[in-house]
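Let me begin by presenting the structure, written as structure tokens, before commenting on it.
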Amino acid sequence: MSEKRQLGSILLESGRITQADVDRVLEHQRTNGGFFGQALIALEIVTRDEIDWALASQFDLPYIFPNAETVDRDAAMLVAADWALAHLAVPIVRTDDTITVVVADPMQRQAFDDLRSRTGFEVELALASPTRIRELIRALYGDTEQPDEEDRTPVSLIEFFGTALDQQPDALGVSVRGPVAWAWYERDTVRRRPLNEGWEDALSEIVRPSPGEQLDSSVEGIVSWTATLNRSGSFMPVDAQALIGAGGIEYLFRPLTAGAASRALSRSMALPTGIVAELRLLARSGKAVVALVSKDPELARAVLPYLPSLVRQEVVRAVHICAERDSMPRVYTIHPVPDDEMFDSLESYRFDALTVDLSATEYPVGQILQAAPMSFAYLREADWMRRLPELGIKWILSADRDERGGIGWELRAANA
């Protein structure tokens, strides 16, 4: 007996559906495709919870309501957040030789075989709804640390660069978005602070030759020169670069002795808190490479440049890379040509995130997307789904207008 008939039989025997409901579902599948359970939900014959209960009966699994407070966290940490999200599965109990994994889909045999091989534990399954598992993942793997408010206090460029150079950084720089600027440096992790007024004069004093002597701000692109940083009479040689785009500039200084916008966005764009939490989890694991898809290309391109700020909900060092020279308020944008040498330099700027609206057949989109821990791409090709593996894209974010004129969002694994 097929899996679909088994599921239907369980619901029929329980009296939850009738034969007439089954006939409606089969007609719906002939027209729209999909699974039996999905059709039942689409036709509003049963709820998602009722389907999950039937699946548990079908596979002879316990149906549970997982709670983060009762989960064995050592068991949960056997998998990373991105694995848990991709498979909607979390280990919740560990014994001497067995782990119990709560899942939304018990048919992912390859994933559970890999987990068994990797951990050395036998795997037993329990079933829960996708919504409850997502909530569990966010609770178990989420970042509970509060932002350091002191880090948002503006400082002088001279003070910040002095602190940065004491740490012997791999790189340091200044990010400019319109009238707003903040400095950053990298030493194991990226640290940054907003800058006081007068930072431009201070930068000209510290960096020789100064950026003003090297740049024509009306010309977009990358400019490189050899410079020195003047610190209290001591001079440090650096490789200096400036990446000039519409709406801003990125200054990057790499010591030759080194070892190697606004939160007030339109409410109509706001991402659900669950998706925000999941994207942050993926970014922390360095694996948030996401394709943005929509039935409305204009909507996708309007939303795309703002996704990093929507996710981070704070000042974010992000760059939007696109071919068209559209004006987007408070978005740092660069417009490359296909053979632009800038692509090889992107990773060294240590952006928090980037967004890409380019043709994957004309530009090295796969390379670009790996240059930041969080990246979003709107792919123009009709066969974009086939291209996801070669571009390293593992997640799909859907954005479409809902009945009220807002945006409905959905995040799913690309292989789901």
Side-chain angles (χ1 to χ4, degrees), residues 147-217 220 222-225 227-236 238-255 258 261-265 305-306 308-309 312-320 328-334 345-346 348-354 372:
D148 186 352
E149 293 297 333
E150 184 175 280
D151 284 348
R152 300 186 181 183
T153 304
V155 296
S156 73
L157 179 67
I158 293 175
E159 176 186 347
F160 185 87
F161 268 27
T163 300
L165 294 173
D166 284 340
Q167 303 300 315
Q168 298 182 334
D170 295 324
L172 65 163
V174 175
S175 301
V176 185
R177 302 293 184 270
V180 179
W182 61 98
W184 62 273
Y185 73 90
E186 179 190 16
R187 178 66 176 176
D188 299 326
T189 187
V190 175
R191 297 170 175 83
R192 57 176 172 263
R193 294 284 293 274
L195 294 176
N196 286 330
E197 294 182 3
W199 66 267
E200 292 173 289
D201 291 339
L203 188 64
S204 294
E205 293 178 11
I206 295 171
V207 181
R208 304 290 177 84
S210 70
E213 297 173 311
Q214 302 295 314
L215 308 183
D216 179 351
S217 59
E220 295 184 17
I222 191 167
V223 178
S224 303
W225 72 101
T228 57
L229 296 184
N230 179 0
R231 183 193 179 198
S232 302
S234 298
F235 295 89
M236 175 182 290
V238 295
D239 280 334
Q241 287 186 340
L243 193 58
I244 307 171
I249 299 177
E250 285 286 342
Y251 295 105
L252 169 65
F253 307 104
R254 282 178 290 193
S262 173
R263 194 183 308 195
L265 296 171
Y306 297 98
S309 294
R312 294 290 295 269
Q313 299 179 346
E314 62 180 0
V315 172
V316 55
R317 291 185 61 246
V319 57
H320 179 58
M328 288 161 287
R330 303 185 69 82
V331 174
Y332 175 62
T333 311
I334 56 178
S345 302
L346 272 178
S348 62
Y349 282 86
R350 298 298 190 267
F351 286 109
D352 298 318
L354 55 84

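Just so you know, these numbers come straight off a predicted model, no measurement behind them.
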Subject >> ring-ring contact (aromatic ring centres under 6.0 Å, His included) partners for Y251, two or more places apart >> reply: none

Original post:
Can you list the residues that meet the ring-ring contact (aromatic ring centres under 6.0 Å, His included) rule with F253, with sequence neighbours excluded?
Top reply: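 For F253, no residue satisfies ring-ring contact (aromatic ring centres under 6.0 Å, His included) once neighbours in sequence are set aside.
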
Give me the atom names and distance for the closest heavy-atom approach of [X] to [Y].
| X | Y | result |
| --- | --- | --- |
| G178 | V176 | O-CG1, 3.5 Å |
| A240 | A227 | CB-CB, 4.2 Å |
| R152 | P194 | O-CG, 3.2 Å |
| A171 | L252 | CB-CD1, 3.9 Å |

**OP:** Check whether any side-chain N or O of W225 sits under 3.5 Å from a backbone N or O of P209 as a donor-acceptor pair, and report yes or no.
**Re:** yes

Original post:
Quick one: does S348's side chain have a donor or acceptor within less than 3.5 Å of a partner on S345's backbone?
Top reply: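 Looks like yes, one N/O pair under 3.5 Å.
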
Original post:
Is any side-chain heavy atom of V319 less than 4.5 Å from a side-chain heavy atom of T333?
Top reply: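 No; the side chains remain at least 4.5 Å from each other.
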
Original post:
Partners of E186 by side-chain hydrogen bond (donor to acceptor under 3.5 Å, both in side chains), sequence neighbours excluded?
Top reply: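 E186 satisfies side-chain hydrogen bond (donor to acceptor under 3.5 Å, both in side chains) with R350 once adjacent residues are dropped.
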
Original post:
Does S156 have any side-chain hydrogen bond (donor to acceptor under 3.5 Å, both in side chains) partners at least two apart in sequence or in another chain, and if so, which?
Top reply: none

**OP:** Would you mind listing every salt bridge (Lys or Arg N to Asp or Glu O under 4.0 Å) that reaches into residues 242-253, with sequence neighbours excluded?
**Re:**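 Residue pairs with at least one partner in residues 242-253: R177-E250, E250-R317.
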
Original post:
Residues in salt bridge (charged side-chain N to carboxylate O under 4.0 Å, His left out) with R191, at least two apart?
Top reply: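 By the salt bridge (charged side-chain N to carboxylate O under 4.0 Å, His left out) rule, R191 matches no residue at all.
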
Subject >> I158 side, atom CD1; T163 side, atom OG1 - distance, nearest 0.5 Å >> reply: 12.0 Å

**OP:** Show your working on side chain to side chain contact (heavy atoms under 4.5 Å, CB included) between F160 and W182 and close with a plain yes or no.
**Re:** CA-CA 10 Å; F160 185 87; W182 61 98; over 6 Å; no

**OP:** Applying side chain to side chain contact (heavy atoms under 4.5 Å, CB included) between I334 and each of I222, L243, I244, report the one that passes.
**Re:**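 Looking at I222, L243, I244, the match for I334 under the side chain to side chain contact (heavy atoms under 4.5 Å, CB included) is L243.
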
Subject >> Residues T153, R193; criterion side chain to side chain contact (heavy atoms under 4.5 Å, CB included); working and verdict >> reply: CA-CA 7 Å; T153 304; R193 294 284 293 274; 3.8 Å; yes

